[in-house]
Amino acid sequence: MRKSRQEMIAETRAKLIAAGRHAFGTVGYADSSMDDFTTEAGLTRGALYHHFGDKKGLLQAVVHQIDSEMSQRLKEISERTPDAWQGVLDEWVGYIEMALEPEIQRIMFRDGPAVLGDISQWENNNCCVMVLKERLDALKADGKLIDIDTESAARLINGASSHAATWIASSDNPQETSQKAVAAFRDLLEGLRRKS
């Protein structure tokens, strides 16, 4: 049975994203070439240009894919917790700790910001902030959060966690930096919780 045009397009995109992800994750953005992607995918440069425009466009697609996977993992972390506050705390600590994973460290927190700019300006960032705001609204309504503007708090939490992750990724000792960052981040978030 022949594949439809849509299936062939999706398959070509998936091959190029997989090849880009492998190259970006192993040798990094600067040291990877268009030929790395196309040779590994068994495709032509024309296919790469057609689907992504250029190497930067491919990086954006890879970042989007990894970000979606990270979001799913973080959602699962949050769902395993006993209460909503612990869910927020564990999810955002989990985000920071992902900066220890080599592929995420290199693509999301070193090369991504270097090539695509400030993480806070990425397309998906505002969505993350609004989801966190809603969760903080619920905590505030339940009397578990201090009287604070929840959008401001969400933006500050998001910024602090992104900065902590990029700090870890660029550190000479990521493990040690992660421990310090996570401890400080937990203390910061605990300051938002209403004490009973």
Side-chain angles (χ1 to χ4, degrees), residues 13 16-18 20-32 37 52-78 87-137 148-189 191-192:
R13 283 183 60 85
L16 287 166
I17 290 171
R21 184 169 176 167
H22 178 259
F24 298 146
T26 54
V27 300
Y29 182 85
D31 292 329
S32 59
F37 317 133
F52 302 105
D54 57 13
K55 187 164 102 167
K56 182 177 177 181
L58 180 58
L59 178 64
Q60 287 176 309
V62 169
V63 162
H64 179 74
Q65 182 182 69
I66 293 172
D67 185 64
S68 295
E69 292 168 8
M70 289 171 68
S71 295
Q72 182 58 41
R73 287 172 57 193
L74 293 169
K75 181 180 176 199
E76 291 165 8
I77 287 170
S78 179
V88 168
L89 184 61
D90 288 357
E91 181 175 339
W92 287 88
V93 165
Y95 174 84
I96 294 169
E97 290 175 337
M98 284 182 186
L100 291 171
E101 299 175 29
E103 180 186 59
I104 290 174
Q105 185 180 99
R106 181 185 291 257
I107 295 172
M108 299 298 289
F109 298 120
R110 285 203 315 247
D111 287 349
V115 176
L116 304 175
D118 180 9
I119 290 175
S120 70
Q121 302 304 309
W122 291 3
E123 183 181 318
N124 66 328
N125 191 64
N126 204 46
C127 179
C128 292
V129 168
M130 289 301 109
V131 168
L132 177 57
K133 178 196 177 303
E134 289 171 11
R135 293 177 67 196
L136 295 177
D137 285 338
I148 191 170
D149 179 77
T150 54
E151 181 177 351
S152 298
R155 290 189 181 282
L156 292 170
I157 291 168
N158 180 274
S161 62
S162 295
H163 187 77
T166 55
W167 178 36
I168 293 163
S170 61
S171 171
D172 291 335
N173 188 336
Q175 196 69 42
E176 181 182 305
T177 302
S178 177
Q179 290 170 359
K180 291 193 296 189
V182 166
F185 186 78
R186 284 182 185 280
D187 289 342
L188 284 172
L189 260 61
L192 297 177

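Counting begins at 1 with the first residue of the sequence.
Taking each heavy atom of Ser178 and Ile168 in turn, the nearest pair found is CA-CD1, 3.6 Å. For the residue pair Gly94 and Ile77, the shortest heavy atom distance occurs at CA-CD1, 4.4 Å. Closest approach of Leu89 to Arg186, counting heavy atoms only: CD2-NH1, 3.6 Å. Taking each heavy atom of Ser162 and Ile119 in turn, the nearest pair found is OG-CG2, 3.8 Å.
Although no hydrogens or angles enter the test, the distance criterion places a donor-acceptor pair under 3.5 Å between the side chain of Ser71 and the main chain of Asp67. Ser171 contributes no side-chain N or O that, together with a main-chain N or O of Trp167, makes up a donor-acceptor pair within less than 3.5 Å.
In this structure, the separation between OG1 on Thr26 and CZ on Arg21 is 12.0 Å, given to the nearest 0.5 Å. Interatomic distance, CD1 of Ile66 versus CD1 of Ile17, reported as 10.5 Å (0.5 Å rounding). Glu103 CD to Met98 CE: the interatomic distance, rounded to the nearest 0.5 Å, is 12.0 Å.
For residues 110-128, there are no salt bridge (charged side-chain N to carboxylate O under 4.0 Å, His left out) pairs, not counting sequence neighbours. Judged as a ring-ring contact (aromatic ring centres under 6.0 Å, His included), the pairs with a partner in residues 102-126 (not counting sequence neighbours) are, in order, Tyr95-Phe109. Sorted by first and then second residue, the ring-ring contact (aromatic ring centres under 6.0 Å, His included) pairs involving residues 52-78 (not counting sequence neighbours) form an empty list.
With sequence neighbours excluded, no residue satisfies side-chain contact (heavy atoms from CB on, under 4.5 Å) with Glu134. Remark: Ala154 engages Val129, Leu132, Lys133, Leu136 in a side-chain contact (heavy atoms from CB on, under 4.5 Å) (not counting sequence neighbours).
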Solution key, residues 54-63 side-chain donor-acceptor pairs under 3.5 Å, sequence neighbours excluded:
| unit_1 | atom_1 | unit_2 | atom_2 | d |
| --- | --- | --- | --- | --- |
| Asp54 | OD1 | Lys56 | N | 3.3 |
| Asp54 | OD1 | Gly57 | N | 2.8 |
| Lys55 | NZ | Tyr29 | O | 2.7 |
| Lys55 | NZ | Ser32 | O | 2.8 |

Q: Kindly indicate, with the supporting measurements, whether the criterion side-chain contact (heavy atoms from CB on, under 4.5 Å) is fulfilled by Ile96 and Trp92.
A: CA-CA 6 Å; Ile96 294 169; Trp92 287 88; 5.9 Å; no

Q.
Please determine whether side-chain contact (heavy atoms from CB on, under 4.5 Å) holds for the pair Ile157 and Leu192, giving the CA-CA distance in whole Å, both sets of side-chain angles, and the decisive distance to 0.1 Å.
A. CA-CA 10 Å; Ile157 291 168; Leu192 297 177; 3.8 Å; yes

Q: Go through the steps for Arg135 and Glu91 under the test side-chain contact (heavy atoms from CB on, under 4.5 Å), then give the verdict.
A: CA-CA 12 Å; Arg135 293 177 67 196; Glu91 181 175 339; 2.2 Å; yes

Q) Can Met130 and Arg155 be said to form a side-chain contact (heavy atoms from CB on, under 4.5 Å), step by step? A) CA-CA 9 Å; Met130 289 301 109; Arg155 290 189 181 282; 3.8 Å; yes

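The residues Arg73 and Glu69 are annotated as not salt-bridged, no charged nitrogen and carboxylate oxygen being separated by less than 4.0 angstrom.
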